[in-house]
Amino acid sequence: MKIPQRISVLILTLLAVNTAHAYEAEKVTSGLNIPWGLAYIDDSTMLITERNGAIKHINLVTGKQQTLAEIPNVWAKGQGGLLDVALSPFDKNNIYVTYSKNINGKGVTTLASAKYRNETLSDWEDVFVSISQTGTSRHFGSRITFDNNSLYFSIGDRGERENGQNTMNHAGSILRLNPDGSTPIDNPYVNNKAILDEIWSYGHRNPQGLFFDPKTQRLWSIEHGPRGGDEINLIKKGSNYGWPITSHGKEYWGPVSVGEATEKEDIESPIKVYIPSIAPGSLVLYRGEKFPELKGKLLSGALKLTHINIVTLNNEGEAIAEDRILSELGERIRDIEVSPEGEIFFSTDNGNLYKLKR
């Protein structure tokens with residue numbers, strides 16, 4: 001990709017405050033163990049993954065919790081464990097889950113499926129076990145989203161920078177699969193022996209937010225940078241997003257730039273960069289009616305800077321404004337889930353599930 005003269009990267013160092021609307025967090029339930037992933041089932045039902053390996057059923061009316069399963073062989077160390085959960089749009093009785101699977105004492109990002117009926121889980125099956133094993137406990141990804149026919153999920157570089165450009169493993173990539181875990185024949189690299197068939201894009205550090213917007217047919221990702229340099233990316237088929245060749249971040253050990261440059265030929269540039277880092281944990285694009293002022297905007301949970309981050313986009317998909325809400329809550333916001341009616345739920349590392357109100 002030729003770098004445009006006007007790079008559409010928005011670096012904001014000042015806090016933007018939304019003064020037009022006052023938001024509140026209504027607690028639904030508490031006492032959860034790092035509720036990493038949320039899946040809205042219906043008006044009274046939410047499924048939640050706890051990073052230590054449990055899948056729980058939450059009654060959204062009463063807040064009552066019920067453990068549906070303790071998933072075996074979960075490698076719950078460091079940033080690893082039971083990760084995202086999503087209701088399949090292809091089969092309403094099916095859910096997908098990502099987790100770090102214990103393989104020879106190391107964590108491997110894995111996609112599994114199960115049947116959910118009448119508050120019970122059955123037929124657990126690993127649909128795709130990635131090639132992403134390293135000796136670290138960092139950067140597993142791993143969010144799930146869907147287009148009209150396929151499933152996408154993200155995998156971080158697993159704490160080894162060179163994996164971002166190593167296309168013979170799945171680390172540092174966003175994958176696209178058929179619902180059964182097989183590879184779509186129109187994936188970009190199915191005829192390229194130097195790149196694994198499942199890879200849709202690569203050059204990612206740790207994408208913990210991923211969302212496909214059916215209205216625009218755009219795939220969005222948000223990922224952790226190093227010290228500074230968190231990125232929102234518009235994901236394009238077969239593209240390289242640069243890590244660790246390009247980055248806006250600094251080394252943890254000093255004020256030294258990471259990588260060779262911030263922008264480079266043939267590397268996709270971010271839509272937005274955060275300096276300092278907010279540590280993003282999730283991403284959705286809001287299309288609901290409940291909060292019309294948020295329609296068409298990206299919402300991400302911030303872990304380090306403890307707020308919901310709201311990014312306004314123009315018609316070209318460029319970031320043109322940023323707002324931050326609920327910073328007064330002071331909790332690491334992990335996942336955000338939107339119901340078909342436009343209700344917004346979010347979880348925090350404090351073990352709470354909230355519903356957004358105003």
Side-chain angles (χ1 to χ4, degrees), residues 37-42 47 83-98 109-116 123 125-128 130 141-155 170 173-192 195-202 204 207-223 232-239 241 268 271 282-289 294-300 311 313 315-317 335-344:
L38 309 176
Y40 177 90
I41 304 298
D42 55 44
L47 298 186
L83 303 172
D84 205 15
V85 57
L87 180 66
S88 170
F90 315 117
D91 178 354
K92 294 303 182 182
N93 292 316
N94 197 55
I95 64 167
Y96 289 97
V97 177
T98 53
T109 305
T110 298
L111 176 73
S113 69
K115 296 296 182 185
Y116 172 77
D123 302 330
E125 178 187 8
D126 288 342
V127 235
F128 186 82
S130 70
S142 163
R143 293 291 175 192
I144 304 168
T145 193
F146 308 91
D147 65 14
N148 302 329
N149 305 296
S150 310
L151 176 152
Y152 300 85
F153 80 103
S154 57
I155 304 178
H170 296 111
S173 302
I174 292 170
L175 310 186
R176 179 173 178 252
L177 304 172
N178 291 316
D180 64 358
S182 62
T183 304
I185 59 173
D186 59 343
N187 267 13
Y189 300 115
V190 291
N191 296 314
N192 187 333
I195 304 177
L196 295 179
D197 292 351
E198 300 83 9
I199 292 177
W200 185 256
S201 65
Y202 63 96
H204 301 285
Q208 284 194 341
L210 191 65
F211 187 85
F212 180 81
D213 178 30
K215 182 175 181 179
T216 60
Q217 298 290 296
R218 288 171 174 165
L219 179 63
W220 295 95
S221 174
I222 192 166
E223 67 181 73
I232 294 178
N233 285 299
L234 179 56
I235 303 301
K236 300 176 183 178
K237 180 179 181 178
S239 293
Y241 287 82
E268 288 293 327
I271 298 301
S282 54
L283 186 70
V284 297
L285 194 148
Y286 188 78
R287 292 292 184 192
E289 301 295 335
L294 299 179
K295 185 171 286 191
K297 299 184 180 185
L298 292 169
L299 280 63
S300 60
V311 173
L313 305 169
N315 291 334
E316 287 69 46
D335 194 17
I336 300 175
E337 177 81 350
V338 180
S339 77
E341 293 74 30
E343 298 283 6
I344 297 174

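The nearest pair of heavy atoms linking Tyr241 to Leu234 is OH-O, 2.7 Å. Residues Asn149 and Phe90 approach most closely at C-CZ, 3.6 Å, considering heavy atoms. Nearest heavy atom pair, residue Ser221 against residue Leu210, reads CB-CD1, 3.9 Å. Residues Leu38 and Glu337 share a closest heavy-atom pair of O-OE1, 3.3 Å. A pairwise comparison of heavy atoms in Tyr189 and Leu196 identifies CB-O, 4.1 Å as the closest pair. Counting all heavy atoms, side chain and backbone alike, Ser130 lies closest to Thr109 at OG-O, 2.6 Å.
Rounded to the nearest 0.5 angstrom, Ile41 CD1 and Ser339 OG are separated by 12.0 Å. Taking CZ of Arg143 as the start and OG1 of Thr98 as the end, the distance is 7.5 Å to the nearest 0.5 Å. Atom NE2 in His170 sits 8.0 Å away from atom CG in Asp197 (nearest 0.5 Å). Within the model, atoms CH2 of Trp200 and CD1 of Ile174 stand 11.0 Å from one another, a figure rounded to the nearest 0.5 Å. Atoms CG and CD, on Leu283 and Glu223 in that order, are 11.5 Å from each other to the nearest 0.5 Å. To the nearest 0.5 angstrom, Ser142 atom OG is 6.5 Å from Asp84 atom CG.
Residues Trp220 and Leu313 meet the side-chain proximity criterion, which asks for heavy atoms closer than 4.5 Å. By the 4.5 Å heavy-atom criterion applied to side chains, Asp147 and Tyr152 are counted as neighbours. Glu268 places none of its side-chain heavy atoms less than 4.5 Å from the side chain of Asn233. Side-chain contact between Ile144 and Leu111 is present, with at least one heavy-atom pair separated by less than 4.5 Å. Counting heavy atoms from C-beta outward, Val284 and Ile336 have side chains that approach closer than 4.5 Å. Between Pro340 and Tyr40 there is a side-chain heavy-atom pair separated by less than 4.5 Å. A heavy-atom distance below 4.5 Å is not found between the side chains of Val338 and Arg287. Put simply, the side chain of Val190 does not reach to within 4.5 Å of the side chain of Ile185, judged on heavy atoms.
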### Message
Working note: Ile235 + Arg176, criterion side chain to side chain contact (heavy atoms under 4.5 Å, CB included); need CA distance, chi angles, decisive distance, verdict.
### Response
CA-CA 12 Å; Ile235 303 301; Arg176 179 173 178 252; over 6 Å; no
### Message
One pair to check against side chain to side chain contact (heavy atoms under 4.5 Å, CB included): Val85 and Ile95. What are the steps and the verdict?
### Response
CA-CA 7 Å; Val85 57; Ile95 64 167; 4.1 Å; yes
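Atom CG of Asn148 sits in a crowded spot, with more than 12 heavy atoms from other residues, nucleotides or ligands closer than 6.0 Å. More than 12 heavy atoms of other residues, nucleotides or ligands sit less than 6.0 Å from atom CG of Asp42.
The aromatic rings of Phe153 and Phe128 stand perpendicular to each other, their planes meeting at an angle above 60°, with 30° marking the opposite boundary.
Contact check on Asp213 versus Arg218 returns no salt bridge, with no Lys/Arg side-chain nitrogen under 4.0 Å from an Asp/Glu carboxylate oxygen. Between Lys237 and Asp186 no salt bridge is recorded (no basic side-chain N to carboxylate O distance below 4.0 Å).
The closest donor-acceptor contact from the side chain of Ser173 to the backbone of Ile199 lies at 3.5 Å or more, if one exists at all. Using modelled atom types, no side-chain atom of Asn178 and backbone atom of Asp180 make a donor-acceptor pair closer than 3.5 Å. A donor-acceptor pair is defined here as one N or O able to donate and one able to accept, closer than 3.5 Å; no such pair exists between the side chain of Gln208 and the backbone of Ser282.
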